[in-house]
Amino acid sequence: MRTIALRQDIDIGERQVDVRLQLNVRELRFAAQLDENHDQQITPEELQSGFKRLVPDLLKQYRIGTDQEEGQGFLGSVSSRPVLGEVDCRLSYRFRQPLNEVWVKATLHQITDSGHWHLAQVRYDGQEEQLTFNLENPEARIELWRGRSSYYKLGLRFLKI
């Protein structure tokens, strides 16, 4: 049986993608590294300082790009809900060109349990979509119907049919 270990909110703007990840701290493979004083409890302070050191690993496992460029990711903020054992992580990805299509590659099974499903709520231009990522399906493509190039691509698809 597969369980949901992670929730994601993905907001796609004109040249930036903002992501909110909700992770279960106990299921992170690097959780022990967050417990700096080795008392078997991760305090909000330990989470803040330790998580920032591990952001490069997280950004390797959660990538966003277009066919022209990969977004430059950075950590916006991190907070915790100790009672629930969750960490709320805000990532942002910046792009040089306006976004017309985006791919998301979420190989979070590298840092959590590989059997979990990861649900993503994607929002852009008043639209909403839901995506699911897991070990067998780590990548998704999102077509944003913006500008003339979107209609040109749609016309090309129609002609191919």
Side-chain angles (χ1 to χ4, degrees), residues 1-35 40-44 46-95 97-146:
M1 179 173 139
R2 299 204 170 166
T3 59
I4 298 167
L6 173 72
R7 287 195 346 242
Q8 309 161 40
D9 291 312
I10 302 171
D11 293 305
I12 302 172
E14 185 70 25
R15 293 176 193 236
Q16 182 168 318
V17 177
D18 295 316
V19 178
R20 177 181 174 214
L21 298 175
Q22 292 178 313
L23 304 155
N24 184 325
V25 175
R26 292 178 292 271
E27 293 181 352
L28 294 173
R29 293 196 178 156
F30 52 75
Q33 296 174 39
L34 297 172
D35 185 12
Q40 304 296 312
Q41 294 181 4
I42 300 171
T43 64
E46 288 174 319
L47 181 70
Q48 286 287 329
S49 66
F51 204 85
K52 289 178 182 175
R53 287 191 317 269
L54 301 167
V55 167
D57 290 332
L58 178 61
L59 291 174
K60 286 180 191 173
Q61 306 310 324
Y62 201 91
R63 298 172 33 221
I64 298 177
T66 68
D67 289 342
Q68 287 75 40
E69 68 179 309
E70 187 163 338
Q72 182 66 38
F74 64 93
L75 176 67
S77 67
V78 62
S79 60
S80 68
R81 290 181 279 210
V83 175
L84 298 174
E86 290 181 346
V87 60
D88 191 59
C89 175
R90 309 251 176 178
L91 304 173
S92 289
Y93 297 81
R94 292 192 181 135
F95 297 85
Q97 300 295 319
L99 300 172
N100 290 318
E101 60 186 71
V102 173
W103 54 259
V104 177
K105 187 165 187 177
T107 55
L108 295 167
H109 57 271
Q110 300 289 339
I111 61 172
T112 63
D113 185 321
S114 63
H116 290 304
W117 288 58
H118 309 285
L119 298 179
Q121 184 73 32
V122 180
R123 288 182 278 286
Y124 60 92
D125 301 341
Q127 306 280 342
E128 286 193 27
E129 292 182 29
Q130 289 188 347
L131 301 174
T132 304
F133 300 95
N134 59 33
L135 181 62
E136 296 86 25
N137 186 32
E139 194 167 343
R141 186 172 285 280
I142 305 156
E143 295 277 343
L144 308 172
W145 299 102
R146 297 175 170 168

Donor-acceptor under 3.5 Å (N137 side chain, T132 main chain): yes
If we ignore hydrogens and angles and just use 3.5 Å, is the side chain of W103 paired with the main-chain N or O of A140 as donor and acceptor? no
Is a side-chain donor or acceptor of S92 paired with a backbone partner of F74 at a separation under 3.5 angstrom? no
First locate atom CD1 of I142, then atom OG1 of T66, and finally report the distance between them rounded to the nearest 0.5 Å. 12.0 Å
Would the distance check show the side chain of E14 and the main-chain N or O of L99 forming a donor-acceptor pair, the cut-off being under 3.5 Å? no
For a side-chain contact (heavy atoms from CB on, under 4.5 Å) with V104, tell me which candidate from I12, I64, V17 qualifies. I64
Between Y62 and Q8, does any side-chain donor sit less than 3.5 Å from a side-chain acceptor? yes
Spacing of H118 atom NE2 and L23 atom CG [to the nearest 0.5 Å]: 9.0 Å
What heavy-atom pair brings E69 and Q97 nearest, and what distance separates the two atoms? OE2-N, 3.2 Å
Do you know the tightest heavy-atom contact between K60 and T107? O-OG1, 4.3 Å
Just so I know, are the side chains of F95 and Q16 near enough to count as touching, which here means a heavy-atom distance under 4.5 Å? no
Using a strict threshold of under 4.0 Å (side-chain N to carboxylate O), is an ion pair present between R123 and D18? no
In this structure, which one of R90, Q22, Q121 forms a side-chain contact (heavy atoms from CB on, under 4.5 Å) with D9? Q121
Tell me, with the steps shown, if L21 and D88 meet side-chain contact (heavy atoms from CB on, under 4.5 Å). CA-CA 6 Å; L21 298 175; D88 191 59; over 6 Å; no
Look at the side chain of D125 and the backbone N and O of Q127, then say whether any donor-acceptor pair between them is shorter than 3.5 Å. no
Within-4.5 Å side-chain heavy-atom neighbours: R63 and E70: yes
Looking only at non-hydrogen atoms, find the nearest pair between E143 and Y124 and report the distance. O-OH, 3.6 Å
